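Worksheet: the structure to be examined is printed underneath.
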Amino acid sequence: MSKLLELKNISKVYGDLHALDNVCLSVDKGEWIAIMGPSGSGKSTMMNIIGCMDKPSTGQVIFDGKDISKESRRKLTEFHRDKIGLVFQQFHLINYLNAVENVMVAQYYHSMPDEKEALEALERVGLKDRAKHLPSQLSGGEQQRVCIARALINSPELILADEPTGNLDEANENIVLDIFRQLHKEGTSLVVVTHDPEVGEVAQRIVRLEHGKIVSDKKNEQFSEQQEVSL
Amino acid sequence: MNKKHRMFIRMVMASLVRRRSRMIVALLAVVVGATILSGLEMIYYDVPRQMSAQFRSYGANVIFTPSGEGYIRPEDLEKGAAQFSSEELEGYTPYRYENTKIHNMPVTLAGIDFDSVLKTSPYWHISGSMPSLDGETLVGAKVAESLGIKEGDDITAVNTFEVTSETDTSDIPSYELYTDPESGETYCDHELDLHVSGILETGGSEEEYIYVSLKDAAALTISERGYDIVELSVAAMQDELSETVEKINGSSVGLSAKLVKRVTASESTVLTKLQSLVFIVTSVVLVLTMICVATTMTAVITERRKEIGLRKALGALNSSIIAEFMSEGLVLGGFGGVIGSVFGYYFAQFVSMNVFSSSITFRPLLIPITIAASVLVTGLACLIPIRSAVDVDPALVLKGE
Ligand SMILES: Nc1ncnc2c1ncn2[C@@H]1O[C@H](COP(=O)(O)OP(=O)(O)OP(=O)(O)O)[C@@H](O)[C@H]1O
Ligand SMILES: [Mg+2]
């Protein structure tokens, strides 16, 4: 399998705190990786760097064979807009736009808004009948699904999710994981940061961070088996 | 309009409409500013008119006197008055003075037009009422005091004149006629009964006369004649006035015109000063509005730092975020300008009623000016907070709390 993304000797230093300390990681195309670790271990920092929202202090980020760590902010913005879909723990929906409009915003900055496509994306996450609701009128699980619909609307190569189920109950967590499974089947790469072992265990590969260092990087043996169970 | 533009408008409108409780604060700031701005604009443009009207209350500013001997003939008066445009000419009052005796005391009687006298002498204060019928008189306070005349009294005015062969004696009762034994000439002590409808108080020389209608003055003297003096009240600037006055004096109209200098000269300087005062106040208000809107917008935008971070995380460039937020500000400015124009009119009306006791002229042209100024000021006020907010780091803002 070809490589989608490679982090080479990445460090992120805040003062004398090493949020990331010489991290190397590669993600294959279509791969589903869970990043786990205790609070403060540098997971979000790593996500931000992969998502081109932050620059490493040292090291290289190679995306699709291209070193993007030295690019200008503007280039990075364009780059991540085209390649990456983001899912946040806090959902981050725009509170005065309804569900379908929130999805369309991602289209708007990417290429061209299209309400029909946005509705289809909502349908995929099971929210077609909630399209005209404002975020405040949606449950947490529904908001997270809108967030996922927004992340996948531009068919990104990689979906980055930071604690996507952190604020959800078990039922909603399962809905979200089902959507991830489907995306994975369609060939989208997924990098999911999580505290939750259950969410980690559905991924193909589990990377553990501690104090900014990767302490383990293992293939998940239960992966294929689990997928069949849930389908 | 493509889908992108439509989405842009949809987002801007959604932000304004669905966040209206927030926007209302900003809108209020804009409306207050626009109201004061448009109100002051109206007052600024109306001040010359108002002030001219105001200065009229200090008396007439042009007088006509007979050219040479004699009187001003009514037809000459009309020709002379026609030199002023009908909008400018607020009124004129002819005066015809006659000698008379009341209770055997000599008093000067003035025949005037009671309908127009308040236009040229607005400061007249009457206790009682202005005569409205023939046979009614207004008595100056000094005359009233020295002769013991009160409102509601009936008095008799006597006019003595020589009866010549030309005098129409048909209406003169015989007891009024007598012959001076020395000169052998015939005189008439013609009487006119008058009812005192009011006492005139001005604090000036006007109080030394009694006033009757022109018709009664003619009846008292049994002679129709022209006027001794005409006072005119003209709402025009000094330059224009002196031009017209010269024109009248240069023409063959049988009267000579004069400016009442003191009032008209000071009028122009006071006016300029007043206008520049309004101008300064307007500028200060504009700056205050800008600060107020900028503060409100700063709060509104700071509150939306997360949203800005999110939009950037979704791939928005700074320029498009600036465009979106500016558009919100501009719509707000425009809308506030429209409301402010309407309120401003009422504000100006209120001020005008209280300060000048007259209503303001509505100037439609000031509406687009107000809206443009409101949009411009709001735009400038938004630019500062937006420019600083747009630099947020999405990684920082979107980090979970
Ligand atoms: N902007 C910053 N300035 C200074 N220190 C920072 C900054 N951002 C993160 N850190 C520090 O870097 C370390 C890693 O932070 P990070 O957010 O990546 O942790 P995390 O693994 O995502 O934790 P959690 O599970 O609680 O979200 C933390 O110790 C944090 O205090
Ligand atoms: Mg985190």
Side-chain angles (χ1 to χ4, degrees), chain A residues 12 39 44-45 47-49 51-55 73-74 76-86 88-98 100-118 134-136 147 150-151 153-154 156 160 162-163 166-167 193, chain B residues 1-27 300-325 327-328 331-332 389-401:
Chain A
K12 181 75 185 180
S39 186
S44 296
T45 307
M47 295 284 309
N48 284 337
I49 290 172
C52 305
M53 293 192 294
D54 209 352
K55 283 185 175 186
R73 245 182 209 285
R74 193 191 160 113
L76 284 180
T77 302
E78 287 171 8
F79 185 82
H80 102 249
R81 176 187 72 197
D82 294 340
K83 307 268 183 186
I84 297 168
L86 296 165
F88 310 94
Q89 180 177 4
Q90 277 79 21
F91 321 143
H92 293 307
L93 298 174
I94 296 176
N95 58 11
Y96 57 84
L97 296 180
N98 62 32
V100 68
E101 285 165 346
N102 263 289
V103 176
M104 286 165 76
V105 169
Q107 292 177 309
Y108 175 79
Y109 291 121
H110 178 263
S111 47
M112 194 52 77
D114 184 322
E115 189 153 8
K116 215 175 119 246
E117 274 178 34
L134 292 174
S136 56
C147 188
R150 181 178 66 190
I153 186 72
N154 296 319
L160 278 180
D162 193 353
E163 302 279 7
N167 284 328
V193 165
Chain B
M1 192 165 49
N2 67 23
K3 286 178 175 176
K4 199 143 183 163
H5 293 144
R6 237 174 306 165
M7 183 65 191
F8 179 84
I9 291 166
R10 195 165 163 179
M11 288 193 297
V12 169
M13 292 326 284
S15 169
L16 290 171
V17 175
R18 298 201 189 126
R19 301 172 66 247
R20 54 182 168 275
S21 55
R22 292 290 151 73
M23 285 303 175
I24 245 146
V25 181
L27 184 65
V300 167
I301 287 165
T302 309
E303 198 185 73
R304 296 169 75 184
R305 279 170 64 84
K306 267 214 161 127
E307 183 193 328
I308 295 174
L310 172 73
R311 286 177 185 272
K312 290 179 89 168
L314 294 177
L317 299 176
N318 286 2
S319 54
S320 50
I321 292 175
I322 291 176
E324 284 155 32
F325 279 60
S327 305
E328 286 183 24
V331 171
L332 215 61
V390 93
D391 281 330
V392 298
D393 184 349
L396 285 185
V397 190
L398 297 179
K399 251 220 199 109
E401 269 116 65

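Please read all numbers here as calculations on a predicted model, not as lab measurements. The analysis underlying the following values was restricted to heavy atoms, covering all of them including side chains, and did not include hydrogens, waters or symmetry mates. Convention: sequence-line order gives letters A, B, ...; per-chain numbering from 1.
Looking at heavy atoms from C-beta onward, Arg6(B) lies out of side-chain contact with Glu115(A) at the 4.5 angstrom threshold. Put simply, the side chain of Arg22(B) does not reach to within 4.5 Å of the side chain of Tyr96(A), judged on heavy atoms.
Contact annotation for Phe88(A): only side-chain heavy atoms (C-beta onward) come within less than 4.5 Å of a heavy atom of chain B. With a 4.5 Å cut-off on non-hydrogen atoms, Arg311(B) touches chain A through its backbone and its side chain both. Of the two parts of Asp82(A), neither the backbone nor the side chain holds a non-hydrogen atom closer than 4.5 Å to a non-hydrogen atom of chain B. Looking at Ile84(A), there are no atoms closer than 4.5 Å to chain B (heavy atoms on both sides), in backbone or side chain. Heavy atoms of Met112(A) lying under 4.5 Å from chain B belong exclusively to its side chain. Contact of Leu86(A) with chain B is made through the side chain alone, with heavy-atom distances under 4.5 Å.
Identified under the salt bridge (Lys or Arg N to Asp or Glu O under 4.0 Å) test for residues 89-98 of chain A, with sequence neighbours left out: none.
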Please report, to 0.1 Å, the donor-acceptor pairs under 3.5 Å made by any side chain of residues 316-323 of chain B, with sequence neighbours excluded.
{"unit_1": "Asn318(B)", "atom_1": "OD1", "unit_2": "Lys312(B)", "atom_2": "NZ", "d": "3.2"}
{"unit_1": "Ser320(B)", "atom_1": "OG", "unit_2": "Leu317(B)", "atom_2": "N", "d": "3.3"}
{"unit_1": "Ser320(B)", "atom_1": "OG", "unit_2": "Leu317(B)", "atom_2": "O", "d": "2.9"}

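Scanning both residues, Ala313(B) and Met53(A), for their nearest heavy atoms gives CB-SD, 3.6 Å. Residues Lys3(B) and Pro113(A) share a closest heavy-atom pair of CD-O, 3.1 Å. Shortest non-hydrogen contact noted between Tyr109(A) and Leu314(B) is CB-O, 3.5 Å.
Ranked by non-hydrogen atom pairs under 4.5 Å with chain B, the options Arg150(A), Glu78(A), Glu163(A), Gln107(A) are led by Arg150(A). Of the residues considered (Met11(B), Arg19(B), Lys4(B)), Lys4(B) shows the highest number of contacts with chain A, using heavy-atom pairs under 4.5 Å.
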*Residues Tyr108(A), Arg10(B); criterion side chain to side chain contact (heavy atoms under 4.5 Å, CB included); working and verdict*: CA-CA 11 Å; Tyr108(A) 175 79; Arg10(B) 195 165 163 179; over 6 Å; no

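The structure places CG of Asn95(A) at 7.0 Å from CD of Glu307(B), a figure rounded to the nearest 0.5 Å.
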